[in-house]
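What follows is one structure encoded as structure tokens, with my remarks underneath.
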Amino acid sequence: MQIPGHIDPVTTGTVPLRGGNRVDLVGLTREGIRSALEDAGLDAKAAKLRSKQIWHWIYHRGVTEFDAMTDIAKAMRPWLTERFIVGRPTVVTAQVSTDGTRKWLLAAADGQEYEMVFIPDADRGTLCVSSQVGCTLNCRFCHTGTMRLVRNLSAGEIVGQVLLARDALGEWPKGTMASTTDVDDEDDDAGHYTADGRMLTNIVMMGMGEPLYNFDEVKGALKIVMDGDGLALSKRRITLSTSGVVPMMARAGEEIGVNLAVSLHAVNKEIRDEIVPLNRKYGIEELLAACAAYPGANNARRITFEYVMLKDKNDSDVDARELVRLIKQYRLPAKVNLIPFNPWPGAIYECSSPERVRAFSNIIFESGISAPIRTPRGRDIMAACGQLKSAATKPSRAELDRIAEEKQAALG
């Protein structure tokens, strides 16, 4: 039995750091892999064939070594190994909560750290994926908001989180799918190909960072995740969360097409300006209008409004009724996720009482709008909603205040 919060022993400096001048193929499109092979010296016909094979091995089979790609000629595998890698983030620490939630602190090739979380449930397994190291926003209830934005994650670093989770869960298909004409004789005993059941069924872009401020890389990663010849996760099982970057919302619906979640958290300007400072740039009315225009939103694919419950701040009956009024005014196909506030060191807010959360939920339910109360998961390992933050940065209170002032000034 694993101990809650247990730190798994790991070896740092693994695959991503060993690459040197070799090209990491994770995160490249099919065309990108083909171009990389051509640039390395393969002719166009061979590059097209090999890129298709490599894509399948990376994203359908989870293979990280070219020697394991059994439908590629054995003589060619060393050539690939000399020039390319199939990378993974380096695991710095891995923790397991009492409720089964798992959190990984990951390091990129440049040493920057970020986190991802896997939340198992009876009927699904959800991976919470980060899009940035740090965050440019300053949502006051969110631990990640106390960090500076260090940089965006690349498409490879984003999709690499999904690959690493599947590694850890041990759910890659087994056996061989190589044809008898391609496979070497000594590989014939690899067994028949079977597709195992998946624990990882859903992805939420709700980790560190604002996904719509890293649009191109998030889009590239999610296109790979949804590709039918690879990870093959349906767009209906992927949710992108935004704090309200209004100009990018329609583009996200048109070009990515996944479910939308909006971090609303308040129903009037004064309170939302305080806890979600982006509201000073894109106000509630502008945000809700963008939600109403989100491509593909309908009663079958509702927009989810995330609403963290803060004691005596946004949790009154008046707030609940105003939330209902706004949803109906903009005719939104909506669900409201009520999130009990998850505390973290230095937080200035408290969680609403269970009775207050239930009363708030009941008002919304009685209006005909779904308002489930999210059960906090992974609190004991700081893996719950709003608690993610790289342990590499531990600024002082004065530094946190300076960061907040700088972010608010940037918002205008």
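Just so it is clear, the model here is predicted, and its values are computed rather than measured. Quick note: numbers below take in every heavy atom, side chains included, and nothing from hydrogens, waters or symmetry partners.
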Exercise. If every non-hydrogen atom of A36 is compared with every non-hydrogen atom of L28, which pair is closest and at what distance?
Worked result: CB-CD1, 4.5 Å
For this session: Compute whether any side-chain donor of one residue and acceptor of the other, for N259 and R236, lie under 3.5 angstrom apart.
Result: no
Exercise. With the threshold set at 4.0 Å, does a side-chain nitrogen-carboxylate oxygen contact exist between R251 and D216?
Worked result: yes
For this session: Could you check whether the rings of Y349 and F341 sit parallel, tilted or perpendicular, using 30° and 60° as the cut-offs?
Result: perpendicular
Could you pull out all donor-acceptor pairs under 3.5 Å where a side-chain atom in residues 284-296 meets a protein atom, sequence neighbours excluded?
| from | atom 1 | to | atom 2 | distance (Å) |
| --- | --- | --- | --- | --- |
| Y294 | OH | V258 | O | 2.8 |

Exercise. Which heavy atom in A261 sits nearest to a heavy atom in T239, and how many Å separate them?
Worked result: CB-CG2, 3.7 Å
Exercise. CE of M226 to CD1 of I203: how many Å apart, nearest 0.5 Å?
Worked result: 9.5 Å
Problem set entry | Worked verdict on D167 versus W172 for side chain to side chain donor-acceptor pair (under 3.5 Å) | CA-CA 7 Å; D167 292 346; W172 292 107; 2.7 Å; yes
For this session: Step through the shown structure and confirm whether more than 12 heavy atoms of other residues, nucleotides or ligands are within 6.0 Å of NZ on K235.
Result: no
Exercise. So, are E322 and R325 salt-bridged, with charged N and O less than 4.0 Å apart?
Worked result: yes
Exercise. Do side-chain atoms of Q53 reach the backbone of I72 as a donor and acceptor pair under 3.5 angstrom?
Worked result: no
For this session: Report the C-alpha separation of D227 and R30 in whole Å, then their side-chain angles, then the decisive distance to 0.1 Å, and conclude whether the salt bridge (Lys or Arg N to Asp or Glu O under 4.0 Å) test is met.
Result: CA-CA 11 Å; D227 191 287; R30 281 188 186 78; 2.7 Å; yes
For this session: Could you tell me whether E255 and K223 make a salt bridge, using a distance below 4.0 angstrom between a side-chain N and a carboxylate O?
Result: no
Problem set entry | Rounded distance (nearest 0.5 Å) linking atom CG of D273 with atom NZ of K281 | 14.0 Å
For this session: Search all heavy atoms of F118 against all heavy atoms of M199 and return the closest pair with its distance.
Result: CZ-O, 3.9 Å
Exercise. Between A155 and G220, which heavy-atom pair has the shortest distance, and what is it?
Worked result: CB-C, 4.3 Å
Seminar exercise, completed: Heavy-atom closest pair (E113 atom, V133 atom, distance to 0.1 Å) is O-CG1, 3.4 Å
Exercise. Residues in ring pair (Phe, Tyr, Trp, His ring centres under 6.0 Å) with F305, at least two apart?
Worked result: none
For this session: Please determine if D110 and R151 form a salt bridge, counting it only when a charged side-chain N lies under 4.0 Å from a carboxylate O.
Result: yes
Seminar exercise, completed: Given the options W79, W57, F84, F66 meets side chain to side chain contact (heavy atoms under 4.5 Å, CB included) only with F84
Seminar exercise, completed: The complete set of salt bridge (charged side-chain N to carboxylate O under 4.0 Å, His left out) pairs with one or both residues in residues 46-60, sequence neighbours excluded, reads none
Problem set entry | Flag for N202-T126: side-chain donor and acceptor within less than 3.5 Å | no
Exercise. Checking side-chain hydrogen bond (donor to acceptor under 3.5 Å, both in side chains) against E210, which of T242, N152, T136 comes through?
Worked result: T242
Exercise. Would you call K313 and D319 a salt bridge, using N to O less than 4.0 angstrom?
Worked result: no
